[in-house]
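Take a look at the structure below.
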Amino acid sequence: MPELPEVEVTRLSFADKIAGAKLLSLHLGKPLRWPLGCVPAQLAGRTVRGVRRRGKYLLIDLDQGLLLLHLGMSGSLSFAARLPASGKHDHFELVTTQGSLRLNDPRRFGAVVYAQTEDAPLARKLLGRLGVEPLSEDFDAELFHTGLKRRKAAIKQVLLAGDVVVGVGNIYASEALFLAGIRPTVSAARLSRPRVVRLHAAIRDILGRALTSGGSTLRNFSSASGQKGHFQFETMVYAREGQPCRVCGKAIKSLRQGQRSTFYCPACQKV
DNA sequence: AAAAGCCCCTGGATGC
DNA sequence: TGCATCCAGGGGCTTT
């Protein structure tokens, strides 16, 4: 579910509310991707400093240590002074003096991991390979071009891999490539300089607009305050196979790349 | 080093 | 409220 915009929308929806809170208790449901990495009771009494985002990870900084959260494919958070009774897919809950934070994740591809610091082994492994933040100043076209040059794989798959640039998932990869007029199957290394510049701009544009729209809610995504996104109504190609391109009218096509579907316009994205 | 496939898991949609 | 099949916002791990 959640790509960078959804994760950032989630962060913004509870970061201020939880900052400064003292942890009272922590509750776990079924196993997520990794074990928590500490005894839940150990965290009682610690204070939440703030919430950051790195790629699709949320980092909850404590006065000692931090929690890494990932929403996987189907995860969403809720934060409220009082939450309703927990359901079968609620697998993590943090009760604090300022409210409770709960992760609902039916497929359990998500993760909640405690780390002493960002350099702890697992945290380092997860965060260490992440590419540049696309909405930061660090993401410039020059650097992007350099990163793409050494990758011969299809540009769509390089975007999804997240080691050149983070946060672009399956929806926004298709959308950004459409905006840039680039066929998803083209080798990343073979993209000309001007096309990389267009793609760089397209990624920032699409992620920025999705963020403004509260992200995309395909099934059940909502922010931690329950707001659903509406960017799914603005997609140009994603999940629009067979429908007319909103620019040229030609039927949108789809294909499989690395067991994920990709959507594109055969006319607007000729190469 | 990079690329390709596999797998984790549940549920909804579609087809028979 | 049958059963089988396919598909879904991700990404770490193993194998080539």
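Keep in mind that the numbers below use all heavy atoms, side chains included, and drop hydrogens, waters and symmetry copies.
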Going by purine N1 to pyrimidine N3 plus the second Watson-Crick contact, or the G-U wobble pair, all under 3.5 Å, which nucleotide sits opposite dG15(B)?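 dG15(B) is paired, partner dC3(C).
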Length of the [atom1]-[atom2] vector between [X] and [N], whole Å:
X	N	atom1	atom2	result
E241(A)	dC6(C)	CD	C1'	14 Å
W34(A)	dG12(C)	CH2	C1'	6 Å
D163(A)	dG12(C)	CG	P	10 Å
L160(A)	dA8(C)	CG	P	12 Å
R219(A)	dG10(C)	CZ	P	13 Å
L69(A)	dG11(C)	CG	P	14 Å
L148(A)	dA2(B)	CG	P	12 Å
D105(A)	dC9(B)	CG	P	12 Å

For F109(A) and dC8(B), say yes or no: do the ring centres fall under 5.5 Å of each other while the ring planes differ by less than 30°?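 A stacking contact exists, since F109(A) sits close and nearly parallel to the base ring of dC8(B).
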Are the charged groups of D119(A) and R124(A) less than 4.0 angstrom apart, N to O?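 Salt bridge: yes.
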Are the charged groups of D90(A) and R102(A) less than 4.0 angstrom apart, N to O?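 A salt bridge links D90(A) with R102(A).
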Using the rule given for salt bridge (charged side-chain N to carboxylate O under 4.0 Å, His left out), can you reason through R53(A) versus E133(A), listing the C-alpha separation, both sets of side-chain angles and the distance that settles it, and then say yes or no? CA-CA 10 Å; R53(A) 180 189 57 73; E133(A) 283 291 334; 2.9 Å; yes
Is [X] touching bases, backbone alone, or none of the nucleic acid, heavy atoms closer than 4.0 Å?
X	answer
L126(A)	sugar-phosphate
R151(A)	sugar-phosphate
Q259(A)	base
Y238(A)	sugar-phosphate

Other residues, nucleotides, ligands: >12 heavy atoms within 6.0 Å of D16(A) CG: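 Not buried by this count: 12 neighbours or fewer within 6.0 Å.
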So for atom NZ, which belongs to K152(A), do other residues, nucleotides or ligands contribute more than 12 heavy atoms lying within a distance under 6.0 Å?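 Not buried by this count: 12 neighbours or fewer within 6.0 Å.
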Could you tell me whether the phosphate oxygens of [N], OP1 or OP2, come under 4.0 Å of any side-chain nitrogen or oxygen in [X]?
X	N	result
K30(A)	dC9(B)	no
H70(A)	dG11(C)	yes
K88(A)	dG11(B)	yes
K56(A)	dG11(C)	yes

Given that H89(A) and R33(A) both sit by DNA chain B, which one's nearest nucleotide is further toward the 5' end?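 In this pair, the answer is R33(A).
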Hey, which sits more toward the 5' end of DNA chain B by its nearest nucleotide, R150(A) or R107(A)?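 Closest to the 5' end, via its nearest nucleotide, is R150(A).
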Give the nucleotide from the list [options] with an atom nearest to the side chain of [X].
X	options	result
R129(A)	dG10(C), dC13(C), dC9(B)	dC13(C)
N170(A)	dA3(B), dG12(B), dG10(C)	dG10(C)
Y57(A)	dA8(C), dG12(C), dC13(C)	dG12(C)
A153(A)	dA4(B), dA8(C), dC13(C)	dA4(B)
R108(A)	dG10(C), dC9(B), dA8(C)	dC9(B)

Using the P atom as the point on both nucleotides, what is the distance between dC3(C) and dC9(B), in whole Å?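 That atom pair is separated by 23 Å.
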I'd like to check H70(A) versus L32(A) (side-chain heavy atoms, cut-off strictly below 4.5 Å). Are they in contact?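 They are not in side-chain contact.
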